[in-house]
J.: 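The structure is given below, and queries will be raised subsequently.
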Amino acid sequence: MTQLRAWLTADTPVSRNHARAIQAYLSWRALASNPLTMIGLLIVVALVVFATLAPMLAPQSPVAQDLTQRFIAPGTQYLFGTDEFGRDILSRILYGARVTLYIVVLVAVTAAPVGLLVGTVSGYFGGWVDAALMRITDIFLAFPRLILALAFVSALGPGIENAVLAIALTAWPPYARIARAETLTIRTSDFIAAARLQGASGFRIVVGHVVPLCSSSLIVRVTLDMAGVILTAAGLGFLGLGAQPPLAEWGAMVSSGRRYLLDYWWVATIPGLAIFVVSLGFNLLGDGLRDVLDPKSS
Amino acid sequence: MIEVGNLEVSFGEGAAVIRAVRGISFEVAAGETFGLVGESGSGKSTVLRALSGLNPNWSGAMHVDGQALGKRRSKAFHKLVQMVFQDPYGSLHPRHTVDRVLAEPLAIHGMVDVDRRIETALVEVGLGPAFRFRYPHQLSGGQRQRVAIARALILEPKVLLLDEPTSSLDVSVQAEILNLLQRLKRERGLTFILVTHNLAVVAHMCDRLAVMNAGRIVEEMDVAELRRGEASEAYTRQLFNASLGYNRARARELITFE
């Protein structure tokens with residue numbers, strides 16, 4: 001253990017991977033020193049664990065109806081109670097974590113790289129490339145996010161995949177803007193000039209020199225946006241345009257539980273709390289990542 | 001080795017145009033160290049950036065090693081001419097290890113034997129292999145500048161453009177870097193163009209120098225004349241006097257040149 005620690009804090013790395021391991025370890029230590037960030041990380045890790053292990057952890061099927069067991073209050077028999085069809089809310093929350101994670105991951109892996117690429121290319125090459133890409137970005141930015149998502153979903157039909165597509169399509173323009181702004185400050189620096197003097201192609205400079213410097217602020221922004229993505233997905237679900245019944249999705253659960261809110265509070269409140277906790281987790285994690293990763297803060 | 005004829009460089013357009021370099025010509029022989037001296041804003045760094053290809057907004061004629069230079073430079077040109085920047089804190093990528101900094105030019109030019117070349121380059125600039133996998137933030141200013149010199153030399157260029165390579169380093173490190181450059185020049189038969197405002201550095205490094213003011217070359221002289229203080233132009237004399245240090249009588253004599 002002490003040997004490993006010495007290896008991870010050595011000031012003369014002996015190989016490429018050693019240097020990387022030291023960097024990762026130092027970032028991790030900076031991240032771990034902030035208790036709020038660790039709470040956020042814990043929540044996000046818990047979301048992933050619950051989502052992957054949902055079939056094992058859930059006491060019942062999320063869609064099994066039992067009309068003799070309607071509206072049972074949270075207690076020993078049903079930890080989170082049951083809903084209007086007698087379905088176990090705990091099981092539905094656990095399976096709902098899968099849907100939430102699916103949305104979050106899919107939006108992150110589609111919107112973030114597109115935004116990063118559009119922004120860095122636009123910022124680095126400038127001129128008509130910049131003008132064209134930024135006007136397209138402007139068009140997407142001009143629409144309110146939920147409204148554009150609504151339009152997409154109504155054109156493509158309701159469903160979880162279309163909701164994700166709609167959210168991803170509206171999520172990338174801010175990333176492109178951030179990446180472009182970062183690129184504009186980076187492109188005039190001497191190390192880019194040095195790379196150009198070595199004969200590096202524009203592609204090599206964007207991918208090898210500009211993207212690594214933009215990605216940290218983008219990761220932070222994506223993490224902070226995750227709460228918004230979850231809420232948008234929940235909002236689409238709430239409006240009946242996201243996940244369709246009987247699929248367990250937190251927003252749709254809040255929506256259907258709303259009718260019984262006064263008599264049976266848990267039906268809408270429990271999934272609402274789940275949305276709240278996961279959004280909070282992503283926000284705390286994003287804040288901590290900003291402190292560690294943002295090159296401007298150090 | 002290098003011929004520059006009637007070089008003009010301007011920034012901006014229309015009414016806001018700034019003519020940074022206004023028709024200068026000079027020649028540098030192979031193996032020579034040529035100094036470009038002048039105050040801030042005299043256009044000396046702009047000449048270097050135009051020559052290196054970083055600034056394409058120039059007119060006139062430039063030849064390196066007999067080849068006329070266009071607006072876009074070939075890979076062969078980059079292998080022939082390299083540059084060392086003023087600020088070692090800005091000229092190294094903050095997320096790249098020394099290893100990556102030195103491996104990249106080799107990859108671009110498809111040169112083989114990467115490991116050996118990187119280790120030799122580090123030894124030559126006096127750093128040694130222990131520094132190979134460090135990040136720039138783990139290096140001092142002088143060590144960073146050594147890495148920048150290693151990066152410039154790893155392609156085995158014939159010409160090195162030096163843009164105030166020591167002005168952001170402290171005095172003891174300045175001497176080390178200058179001696180390092182002198183040694184590398186002797187060993188490899190390099191040709192240097194050194195841009196600086198420090199006449200002591202010029203006297204130490206250069207064979208000939210050109211004094212620039214307001215985008216023009218005021219005077220060309222060799223370094224022996226500089227040492228004897230035999231400047232024929234008033235501007236050069238004033239620059240020389242200023243380098244002798246501050247006193248009240250001298251400060252009163254200062255005039256503005258346009």
J.: B:H96 side chain to A:G208 main-chain N or O, any donor-acceptor pair under 3.5 Å?
T.: yes
J.: Around atom OH of A:Y25, are there more than 12 heavy atoms from other residues, nucleotides or ligands closer than 6.0 Å?
T.: yes
J.: Enumerate donor-acceptor pairs with a distance under 3.5 Å from any side-chain N or O in residues 113-129 of chain A to protein atoms, sequence neighbours excluded.
T.:
unit_1 : atom_1 : unit_2 : atom_2 : d
A:T120 : OG1    : A:L116 : O      : 2.7
A:T120 : OG1    : A:L117 : O      : 3.2
A:S122 : OG     : A:D130 : OD1    : 2.4

J.: Please identify each residue that fulfils salt bridge (charged side-chain N to carboxylate O under 4.0 Å, His left out) with B:D113, with sequence neighbours left out.
T.: B:R116
J.: Would you say A:Q3 has more than 12 foreign heavy atoms packed within less than 6.0 Å of its CD?
T.: no
J.: Which one, B:M83, B:E104, B:R49, leads in non-hydrogen pairs under 4.5 Å with chain A?
T.: B:E104
J.: Counting only heavy atoms closer than 4.5 Å, note whether B:A107 contacts chain A via side chain, backbone, both or neither.
T.: both
J.: Which heavy-atom pair separates B:S91 from A:A194 by the least distance, and what is that distance?
T.: O-CB, 4.4 Å
J.: Would a 4.5 Å heavy-atom cut-off, applied to side chains only, mark B:R95 and A:Q23 as touching?
T.: no
J.: Going by residue number, which parts of residues 53-75 of chain B are within reach of chain A, meaning a heavy-atom gap below 4.5 Å?
T.: B:G53, B:L54, B:K75
J.: With distance as the sole test, does A:H209 use its side chain to make a donor-acceptor pair with the main-chain N or O of B:H93 at under 3.5 Å?
T.: no
J.: Residue by residue, which of residues 128-138 of chain B have a heavy atom closer than 4.5 Å to a heavy atom belonging to chain A?
T.: B:A130, B:R132, B:F133, B:R134, B:Y135, B:H137
J.: Counting N and O atoms only, with roles assigned by atom type, does the side chain of B:H78 sit under 3.5 Å from a partner on the main chain of A:A200, one being a donor and the other an acceptor?
T.: no
J.: Please classify the contact of B:T97 with chain A as side chain, backbone, both or neither, using a heavy-atom distance under 4.5 Å.
T.: side chain
J.: For the OG atom of A:S201 and the CD1 atom of B:I108, what is their distance to the nearest 0.5 Å?
T.: 7.5 Å
J.: Does B:K158 have more than 12 heavy atoms from other residues, nucleotides or ligands lying within 6.0 Å of its NZ?
T.: no
